[in-house]
Each structure stands twice: as structure tokens, then as C-alpha cells.
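Contents: one structure, followed by commentary.
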Amino acid sequence: MDFMSGVTRVGAEWFPPAASCLSRPYKMAPACTNSFSCNGRVSEGGVTMTRFFGTPAGVKAGQFFIDRRELHEAFVHRPTQAGISGTKLEGSDSIVISGGYVGDEDNGDYIIYSGHGGKDPNSTRQIADQSRDAPGNAGLITSHAEALPVRVVRGKHKGSPFAPPAGYVYSGLYLVTQWWMEMRPDGFQIIRFRLERIDEQVPLEPQSLNLPDPEFATTIVSRRIRDSQLAREVKKLYDYECQVCEQAIPTSNNAFYAEGAHVRPLGRPHLGHDALSNILCLCPNHHSQFDLGGLVLTDQMEAIETRTMTPFASLSFRKNHVVAASNAGYHRALWLGARGMSSDLRLLQPTA
DNA sequence: AAATCGGACTGT
DNA sequence: ACAGTCCGATTT
């Protein structure tokens, strides 16, 4: 007996993620073509992927799934019961919103989501505090720190105008933008996460006329969406210390914040590469100064303030990392040329 | 082995 | 509809 008889399914076939992708410190995932890097482990047999970031190939935002097993098989959400997939080390790659915790909010473009834990397995009532060390919760904290994309799935439940009338809908990618511990009225501590939508291609079903204005959220994430796996590796290599000022910005959870800055910009018309030789680890201020042309680099990786054309710092580099002079030269020509000044490299050599 | 925002089945 | 019970698959 087919338990799915009578149910219309959309795109029920699942496709294994295809092509090559970057891996984290564990084994390479078989395949992935999404715009983000993907991670995963391969079992001894070499087939089972357990962690995968981004949207799997062949899956679209808005796609319907009849139950948790289908989500599992499509690599959209691997756990068959738990709401959060992930670990502290790897980060969390997906969540399911099913209204299982009071106080959650679903505003479409942003979500307030409770962590897991502290529930009586028999009564589904909260009987204990939640912990930031539970695997899924710690994973979402890691995803926040690393700006990893989180797949969001909505299940049928009351309280969300975006929830499907039955089954589950894959709702695309979100970023964790905040987390905090919260004391509930019943005296139990829970952990809460704010997630903001980062792929806008597929509109959510408009269920009310006054949708929240997503402009601010999209502005925040527009730079982070480009945070490639390589950029994350560079940040880790430098312990999140800016290569210009050597400052690391402390955040919560004993973590730090930095940004991966592409020297020759990606995309048209610049066509820079997402490669280690084209990425710097910078604090937000120097990243902005660099991207806005207030700072250029000599071939010797001296930082020049373009307002006064004076060197003010020598970039620090760590082992096995070099930025190609050609990329620095491209960036230099981009900004000095645009100001009608000579981009002749000789003018930027430090005078001995 | 424990934990997990399921799922199908029973009752009101 | 809804709530409780039992039986869970998968991952950690």
C-alpha cells in the first residue's frame, strides 16, 4: 500500500548534489552546485552525506514535501524528528518550523526560532532549561558566527501565515543574525535565534496585505551572502584579526568577527577569482575603506590611504597565504584610475 | 544509549 | 478537531 496515494507531489524526485565543492576539515562531500560552499562527510561506503550547506541541486524554494522522510531523502533536512540539524563543530545546516515551542514568530523574511531541549519526551511539555551546548543549538550558534546558510522548512502549524496546510515546504536559505537566552514565564530558560532570509527569488505566499519591509534585512546580509568557504578559511587563518590594524572584534560566545575581503572584485565586470590569493581578512572598517577606494595596496602589500596618498600600515600575512600583486594592481587601477590619478605602479613603491 | 518541533493510531 | 499513547528512524 502506497502511503502517499492520493497526494499530489511536486518534484518528488531528489537529485544528489552535483559537481565539486569546497570542503571543511573533514572529507569532501560528493557533490554540490549551489552558490554557497557545501560541507559533508562521506561514510565508509562512500555514499552517505551527513552535512550539506545550501540548497541541494534539484530542490527549489517553495517545493512541497509530504513528510519528514521525504525531507530526509532529499537532503533538505536529515533528522527525521529533531527540528535542528547540525553540530557545534560543523554548524547547523537546516531547521524545521513546526510550532513546537511557544513564543516563536514567523514573519516570513525573519523568524524567531527556539532551540531544542528541556522537553519531557512523553508529554512534550517543557520540564528543564535548554542549553546552548545541545548539538543543534550549538550548531546554530556556529552558523551565526560563520555566516553559514541555513535551510528553513515550514511544517503545518497554527500561528504562521506562511505554514503550509499540510506536509512541509522548503522555504529557502536564511542566516542566523542573533541568538540569546530567554527566561520564559514558566521559569525555564530557552535559547532563541533570529534568522533572516537571504534568497529573495521565490516570494513567500502573501498571506496579509502589510508584509514587513525586508529592506533592512537584505541590506545586512547582502555582503555576507558572498562569504565563501575560502573567505571563512582566511578569517580562521588570521584568528579574525584584521590584516591592516590587527584588531579582532570580540562578539558573543567567546567568538570574533571579521570579513573576507576580495581584492579584485568578483562578478562583472571585474571577474576576480574566489581564491586565497584574492582574499584578505579585514575588520568591517578597513573592508569598507578598501571596497570604497579609500585604501589601496602596493605590490609589497603596503596600505596607502588614497586621500593623502601616504602609506599607513604594512599588511600582516600568516603562513601559506599571499595575495597576488596582480590583484592588488587591479584594485589600485580601479580606484586610482577612477579618480583620474595615475595607477602607475612605480608611483606607489615605497620610497627607500 | 539518549535525544530529537513525527506519524499513525486510539480515544473522547 | 484535538489530545494522548505508542512506536519509532536517524543522528549524535
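Numbered from 1 within each chain, the chains take letters A, B, ... in sequence-line order. As the structure is a computational prediction, the values presented were derived from the model and not from experiment.
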Residues in salt bridge (Lys or Arg N to Asp or Glu O under 4.0 Å) contact with [X], at least two apart in sequence or another chain:
{"X": "A:D186", "result": "A:R184"}
{"X": "A:E105", "result": "none"}
{"X": "A:R68", "result": "none"}
{"X": "A:D239", "result": "A:R318"}

| task | Check the distance between C:dT11's C1' and A:D93's CG and give it to me in whole angstrom. | result | 12 Å
| What's the CD-P distance between A:E90 and C:dT11, to the nearest Å? | 12 Å
| request: Applying ring-ring contact (aromatic ring centres under 6.0 Å, His included), name anything that partners A:H321, two or more places apart in sequence or on another chain. | output: A:Y238, A:F317
| task | Indicate, with a heavy-atom threshold strictly under 4.0 Å, whether A:P135 touches base, sugar-phosphate, or nothing. | result | sugar-phosphate
| request: May I ask you to say what A:H157 touches in the nucleic acid, namely base, sugar-phosphate or nothing, with a heavy-atom cut-off under 4.0 Å? | output: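 A:H157: no heavy atom of the nucleic acid under 4.0 Å.
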| Toward the 5' end of DNA chain C, which comes first, A:G86 or A:R125, by nearest nucleotide? | A:R125
| Pairing pattern in dot-bracket form [Watson-Crick, G-U; both distances under 3.5 Å; | = partner strand] for DNA chain B | ||||.|||||||
| message | Can you pull out every salt bridge (Lys or Arg N to Asp or Glu O under 4.0 Å) where at least one residue sits in residues 170-183 of chain A? Sequence neighbours excluded, please. | response | A:E182-A:R192
With 3.5 Å as the limit, what N/O pairs link the protein to nucleotides 3-7 of chain B?
from, atom 1, to, atom 2, distance (Å)
B:dT4, OP1, A:G117, N, 3.4
B:dC5, OP2, A:Y101, OH, 3.2
B:dC5, O2, A:S98, N, 2.9
B:dC5, O2, A:S98, O, 3.4
B:dC5, O2, A:G99, N, 2.9
B:dC5, O2, A:G100, N, 2.5
B:dC5, N3, A:G100, N, 3.4
B:dC5, N4, A:D104, OD2, 2.7
B:dC5, N4, A:S114, O, 3.3
B:dG6, OP1, A:R68, NH1, 2.9
B:dG6, OP1, A:S98, OG, 2.9
B:dG6, O5', A:R68, NH1, 2.9
B:dG6, O5', A:Q81, O, 3.2
B:dG7, OP1, A:R68, N, 2.7
B:dG7, OP2, A:Y168, OH, 2.8

Under 3.5 Å, sequence neighbours excluded: what are the donor-acceptor pairs made by side chains of residues 134-141 of chain A?
from, atom 1, to, atom 2, distance (Å)
A:N137, OD1, A:H116, N, 2.9
A:N137, ND2, A:H116, O, 3.0
A:N137, ND2, A:S131, O, 2.8

| Counting only N and O atoms by type, is there a donor-acceptor contact under 3.5 Å from the side chain of A:Q130 to the main-chain atoms of A:G118? |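 Here the side-chain-to-backbone pair does not exist.
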| task | State whether A:R78 places a side-chain N or O below 4.0 Å from either non-bridging phosphate oxygen (OP1 or OP2) of C:dT11. | result | yes
